[in-house]
Amino acid sequence: MSDLRSGLPVYSPSAPASGDETLDFRALARRRDDERGGQPWRSLEELAKSPEFEAMLHRDENAAVFESPSGETAGVDRRELFQYLGVSFALAGLTACTRQPAEKIVPYVRQPEEIVPGGKPLFYATAMTLAGSATGLLIESHEGRPTKAEGNPLHPASLGASDPFAQASLYGLYDPDRSQTLLYLEEIRPWASFLGAIRAALDGERASGGAGLRILTETVASPTLARQIGEILRAFPGARWIQWEPAGRDNARAGAKLAFGEPVEPIYRFEDADVILSLDADFLSFGAGHLRSTRGFSSRRRVGKDGAGLNRLYAIESSPGNTGAKADHRLAMRAADVESFARAVAAAVDGAATSSVPPGVSPAFLSALAADLHAHRGRSLVLAGDHQPPAVHAIAHAVNAALGNAGRTVTYVEPAEPAVSDQMGDLRTLVSDMDGGRVRTLIILGGNPVFTAPADFQFGDRLQKVPLRVHLAPSFDETSVACQWHIPEAHFLEAWSDARAFDGTATIVQPLILPLWGGRSAHEVVAAMSDQPEKSAYDIVRDTWRPRLGPDFEAAWRRALHDGVIPKTASAEKSVRAKAVVPATGSASTASTPAPGPAGLEILFRPDPMIHDGRFANNGWLQELPKPLTKLTWDNAAIVSPATAARLGLAKEDVVRLAVGARSVAAPIWIEPGHPDDSVTVHFGYGRTRAGRFGTGAGFNAYAIRSSDALWIANGSLTKTGGKHPLACTQMHQNMEGRDIVRAANAADFRKDPEFAHRQTEAPKNGESMYAPYPSDTYAWAMAIDLNQCVGCNACVIACQSENNIPVVGKDQVRRGREMHWIRLDHYYGGNPALPQHFFQPVPCMHCENAPCELVCPVGATVHSAEGLNDMVYNRCVGTRYCSNNCPYKVRRFNFYHYSTQFRAPSMRMLANPDVTVRWRGVMEKCTYCVQRINGAKIDSELAGRRVKDGEITTACAQACPADAIVFGDLADKESRVSKLREDPRSYGLLEEIGTRPRTTYLAQVRNPNPAIDEPVRRDWPRVYGEETDQQ
Amino acid sequence: MSAREPQPPRAGQETPGGGHVPVIQPGYTFGSVTDKIGQIVLSRKTPMFWWFGFGISFLIMMVLLGAVGYLFFQGVGIWGVNVPVGWGFAIVNFVWWIGIGHAGTLISAILLLLRQEWRTSINRFAEAMTLFAVACAGLFPLLHLGRPWLAYWLMPYPNTMGLWPQWRSPLVWDVFAVSTYASVSALFWYVGLIPDFATLRDRARNKGFQIVYGMLSLGWRGSAQHWHRYETAYLLLAGLATPLVISVHTVVSFDFTVGIIPGWHSTIFPPYFVAGAIYAGFAMVLTLSIPLRKLYGLEDFITLRHLQNMGKIMLATGLIVGYGYMIEAFMGWYSGVPAEGYMTTSRMLGPYAPSYWALIFCNIVTPQTLWFRKVRTTPWILFLVAMVVNVGMWLERFVIVVTSLHRDYLPSSWGMYHGTIWDWATFIGTIGLFLSLLFLFIRFLPMISIFEMRTLVPEADMKDEA
Amino acid sequence: MTQFEHDPGEGGHLYGLMAEFESPAELLGASRRAYEEGYRKMDAYSPYPIHELTEALGIRPTKLPWLVLAGGIVGCGAALLMMWFSATIHYPINVGGRPLASWPMFIPITFEVTVLFASVTAVFGMLGMNGLPMPYHPVFNAPRFALASRDRFFLCIEAQDPHFDLDRTSRLLATLGARIVSEVED
């Protein structure tokens, strides 16, 4: 029964309705540790079998959930599940008899309207920190098992939305490859022996005032951790604290310094901006507050009756991203040229004669752009990408100032992170100190510097010169193996902490579960270095906030835990003046701007859109989540433009050797239309050597050629090796083939003919059919997806995966076309392969009223419900796959193998949503409109004796969507949002001309190009027969 | 008795050019016909080539067992199927085998009704071939299920859940069509065998054979009463089997036409599927009968006349099939439906173009040689043509199933399909199964209907007596 | 010259007289004559069906076709009823928005079941009417009767026939050109 070690729900499912529950972590932990000796949990198992508990078990509705169709057990068998529950009950009970100070956590009892739990879970507010800023989350907890992450509507960085990283954090929590024990030289040691070691080391340091002590962290967003480290630094004046984030924001900070003299954080108000110019900034996909940016941006893509109020986006991109894909005007430009373009814009805005215009940019375009910006003074916005040199940021600030946007569409605040630092500079010093033997003790709190540090630092080798090396990390990774001490890091859902959002708003990070494997948080490790080594993170965090939360601390604390935000913590607006003049070249960290020679290639380093800097490399959900445009999974690639590929004679999957200076790495080629020529994009984060079952060996390590002097943009070369590396792409064909799949028009044409979407097809008018409609006096569920608002961020895909227990199938199966995502995000190109237009389209099940799939099922395993759902009856399915063949949308997914076995991993089985059946081999599955949520809401409404109100039910995809593009509701209710949207002239059904009468409908896209620049909608694309995969 | 001493038949003599060759070479009597066919079964020693052929076939059949075992252990994931191509080799092979299974019943039923006496010497093993082909075909719909152990859910049976099959699904139609076809063919075959069993019972010297054949003959004694009812029943069966044989492949074609996938949703399918089935069936009959008549020296019974006629039928049905392809392509363009149009073009130019053009070569070009009598009357050339057509018909089903699915309505979901080693193992394996059954058949049952052959013997002609 | 065979079957009970002929024509002629002589309880045995015998022996046309028709009708009704009942009454459910009783889609199965029932009736009806299987029958006792399934033709006049008289009947058969006339024990 060793799998019982795999964690332990802390809160009982019968948490009091008040939602307030008293728990004692330390007591639980101690009891667990006592009983763990030898035979872990045996006594608790016996407890679990006590009669009154059995009695309670049989009242549990979720019992059936873990039984797969046809009765075979999938993952967890009922008995074991109940034993877990027993353990949790027992421990919840045990908490009574203790004298330890209680740690109170507060469930989210008053859920906002749009949140409807599936069964009877509790929601807890917390926050996830990534790259130095926090996103507020509500975590759904079933019987003490966190199972689903949602955005916290009250949190400024979320507004109820969530991104793939947040959704996938649950997978990270239960990842069986997390390190489970504290190690010294890879031998298991108790916490106490680490305490001994560290205190001895510190005593040694005291004499020198800690001259040999270094603390290396990622960008810290936690005030408490900053406070703790500050105290350490006070105790050891000679010690140094270094922050290193491989995808850091040094350039942005330096740019702000350049413009304002201080590193202020710009807060963009996209909802107020009519015209937006993005200088290589992918603000829709990643970065501080990107969810909020998306929400603001897409709120201005909502098309009114006459298309008024649409914003206009100009995107300059060095590597295709979602932002460029949504742009009304997009320029592909080598990253090195962006600065000169920015200067040209600045000059044009100032009315001066346009200076040097980078190649491929027509002066007409430039002047039109400048005119447009001018015309919208105070309602325009210019922003630069984090990887662009400081100068570009400074110019952006200057232009915003010149256009009077400052204070209107952009405001400036103190950066959220407690300690802003020149990370590259600090790291360089640290490395030279290590090299010079001046570092005696290095405490690495999180991060994986051996893997992520610039190659020229040879961090790994130099690390060996440090006598005492401690690494706190979630898994035993590349850095852990280079250190003596490895401390398993507690997941953010396992430990107390706090974190600030991009605008400074603070959140108390409250745990939802006891550390599965006794992990420690950074707070505890730093505390171990302080004079209160045993102080719990809970107390430490409270100490931080006690002085700040006013007189009635306990009430304020409870409020803060409950809401997930601490009121009045957002940083105050600063009034700063940007220097209009910008020095010609950027600062030290941008020695990369000189444009490469004709022979040379520009190599761009970007964090991977899905596994970020590599920390998520072992996260199956993120690995299998198709990258927004390339639709690649499980790999990174060297991405080049079709023209460059043709020039160098490259084909997809060709293995090439990318070289920067003396360093080189072998990488497979991927060809992406719209990529600037003579430029290669590589995503770092792949090529891990110690990540776990999924991450290890996937992709190539771009860090190997990333050096400190060319962190983002490098000049390199590319040579064919003749080898091939298979890549797993989920959408081989991104050509609409001239069919009316995504319907789009320019705003002008839309005003002329609002019904344009229907001109393009011969669909039966108002969905008339040969067959008499089935009488329905009940709900009629339907979904409307606004293609104008969707930004293709993939949040819906992974939210669905998390909600519906969708398995990960692996690279080989994806290559065979067997990915299981219930909603997929289609992406099409249009127009000119050199500079294409992009079209996104999320495709869930259409729940056709005349469903072709139902007609052909020989056993009636898929049939129609009275509410218009296309139900899939798993335990009736025999697996003929006829329904999938006959589905014109191909949204059905089949369990070719027993994919759900992954839920057998002792910890993974806790990840499953108990409200959704885990599917068995040989069974068809597909989008259910989150029927478990629908039924949950119906039960509630029936108890209350009323109909379900509009907005009461939200599908997982709609709830996660930051763009608010997906609306779910009841067609029978004429006032519902979805009913209204179906009345919209843009509303159309996908393939409605074949008479399927889909319940999921789309709102056609309306682009808003500058009339001065002629850019018609182009949905055509050069057709290529023959090739198996042809994106050109 | 002495008057009609059967003179030894002059085997292997064939009229060159095969003009008006009789359906049975002259000089045969009731007795000699009976003995010549009977001894193949009754003779004690089994020919070497039989052991050889059966051994090979049996080994291949073992491959099938292995493949199926692994399939049940792992799941259909071991095959190349995916989304969008949910049906692969399994359904291709199913349709191929069913098609082959059509010649037997056709020959015995339709040609019987048309009073084509030349059918007599080939109907028996054509029917056997039908049964074995249907047996192979029947395997695939079961194997291709995600959960094969639940296949019985496709049959209506009383169950506590009160569930029924979904009558609108062509797969349920398949279940009824194929099982009906199998049972009726089996009955037809057995009824035809009863008098011959009686003959074998009376000829067998070995006690065991006497008992076994005795049981199988049900005590047949050739009474005029019985013959009368027997012939009525046989005619009725033929009359019933004729529409049946047409319906079966029509229903199989419904699997596709009821679907809305471009390349499937087409009204031309039923007729050209049936034609294709007859086409494939005769190709297989030729493939089998040409070696058999040689090995067992049956050239006197299966004469060039038979080969010729079968060649002609292949030519005719082949042309019908060609017309089918033509109309499909035409409709792809004429319908004006983008998806249809694209599918047609992509069939010809897309990634699967090679299989399409190979299919055209095998099924349309090659059979044109059958216009020449030389080809129709030269067994080995005819054999080659038949072989090519067998391959062509398999390709036809592959093209219909795979190319239609792999690029349908939404380009985003387009994909590729490749058969895996297990797909091939299963396919080849069923060929082993088929041949093994066939070898057992020719060893233990008269491969030519003895009693019907007697009616062809000159003696049977009343006039010369009267 | 006809050769008479009568085994001294003491106590054995006579079934009839079996005459062996060499050609179908002889058998046919013999049958006709015997019928004219008023014999009714008799049967002919041949290695293959000889249609002329039917009227020669005065065999009434069989009722089998009507039986088969009935079988077909039953099958057709049963299939339609089953599908209609299950789809509309016992298990009514919305499938693809199609009507519950979507009769056009019931046709294929109806047809198949009709054919199945009819065919089964035809085969087993024939066997039943012929009283098969019947492992033992007196005629098998006749010497050389095994040849009835090869190349000899037999006519058997049964003892039950009112006109039957051992001597007269055997003489008659002899005159009809029978090669061998033998008594068949029951």
Side-chain angles (χ1 to χ4, degrees), chain B residues 1 3-4 29-31 34 156 162-164 166-168 170 172-173 176-177 180 183-184 187-188 190-191 194-195 198-199 201-203 214-215 218-233 236-237 240-241 243-244 247 250-251 254 451-452 454-455 459-460 462 465-466, chain C residues 22-26 28 31 43-54 57 59 62 64-65 68 82-83 86-87 90-91 95-96 98 102 105-106 108-109 111-113 115-116 118-120 122-123 125-127 129-130 132-137 139-140 145-151 179:
Chain B
M1 198 143 159
R4 297 176 185 279
T29 65
F30 296 130
T34 308
L163 294 175
W164 289 87
Q166 205 275 96
W167 305 116
R168 299 168 192 80
V172 178
W173 307 348
F176 280 84
T180 302
S183 353
V184 172
L187 288 174
F188 204 57
Y190 181 68
V191 169
I194 291 175
T199 305
R201 170 197 64 200
D202 299 342
R203 297 270 102 38
M215 287 184 186
L218 305 175
W220 181 264
R221 51 187 192 273
S223 131
Q225 274 278 3
H226 293 183
W227 277 125
H228 172 53
R229 298 201 189 92
Y230 178 91
E231 288 217 291
T232 321
L236 285 169
L237 272 183
L240 289 164
L244 176 64
S247 81
T250 306
V251 167
F254 285 162
F451 85 91
E452 285 178 293
R454 294 195 190 106
T455 62
E459 287 177 295
M462 292 291 179
E465 300 290 332
Chain C
E22 271 199 357
S23 80
E26 292 174 23
L28 188 57
S31 314
D43 204 344
Y45 302 89
S46 60
Y48 66 92
I50 303 170
H51 305 167
E52 293 83 351
L53 280 175
T54 318
L57 294 170
I59 298 169
T62 167
L64 192 58
V68 173
M82 170 181 70
M83 286 186 280
S86 62
H90 193 229
Y91 190 43
V95 171
R98 306 304 197 275
S102 19
M105 309 200 95
F106 296 167
I109 292 179
F111 174 82
E112 302 298 339
V113 177
V115 171
L116 182 63
S119 318
V120 171
V123 173
M126 179 271 286
L127 292 180
M129 288 170 144
N130 286 350
L132 298 178
M134 184 185 290
Y136 171 80
H137 192 277
V139 295
F140 289 124
F145 185 74
L147 293 176
S149 66
R150 184 168 184 265
D151 57 355
R179 290 289 177 284

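Lettering follows sequence order; numbering is per chain, from 1.
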Heavy-atom side-chain contact between [X] and [Y] under 4.5 Å:
X      : Y      : value
B:W167 : C:M105 : no
B:D202 : C:R150 : no
C:E112 : B:L244 : yes
C:P133 : B:M215 : no

Which of [options] touches chain C most, by non-hydrogen pairs under 4.5 Å:
options                        : value
B:F188, B:F451, B:W173         : B:W173
B:A233, B:S223, B:G219         : B:S223
B:P156, B:P195, B:G162, B:A241 : B:G162
B:W164, B:W220, B:Y190         : B:W164
B:L240, B:V184, B:V251, B:L163 : B:L240

Checking C:S46 against chain B: side chain, backbone, both or neither under 4.5 Å from a heavy atom? both

Please classify the contact of C:F140 with chain B as side chain, backbone, both or neither, using a heavy-atom distance under 4.5 Å. side chain

Do B:H226 side-chain atoms and C:N130 backbone N/O form a donor-acceptor pair below 3.5 Å? yes

Keeping C:S119 on the side-chain end and B:L237 on the backbone end, is there a donor-acceptor pair under 3.5 Å? no

Could you tell me which of [options] has the largest number of non-hydrogen atom pairs under 4.5 Å with chain B?
options                       : answer
C:L57, C:I109, C:V113, C:V115 : C:I109
C:A87, C:A148, C:S31, C:A118  : C:A118
C:I59, C:V139, C:L53          : C:I59

List the atom of C:A146, the atom of B:R203, and the distance in Å for their closest heavy-atom pair. O-NH2, 3.7 Å

What are the two closest heavy atoms between B:A198 and C:S149, and how far apart are they? O-OG, 4.0 Å

Hey, could you give me the CZ/NE2 distance between B:R221 and C:H137, rounded to the nearest 0.5 Å? 3.5 Å

Which distance, rounded to the nearest 0.5 Å, do you find between the CH2 of B:W227 and the CD1 of C:I50? 9.5 Å

Let me know if [X] has heavy atoms under 4.5 Å from chain C in its side chain, its backbone, both or neither.
X      : value
B:P243 : both
B:Q166 : side chain
B:E231 : side chain
B:S183 : side chain
B:T34  : side chain

Output all residues satisfying side chain to side chain contact (heavy atoms under 4.5 Å, CB included) with C:P65, sequence neighbours left out; order by chain, then residue number. B:T232, B:L236, C:T62

List the residues meeting side chain to side chain contact (heavy atoms under 4.5 Å, CB included) with C:P47, not counting sequence neighbours, and say none if there are none. B:R454, C:F153

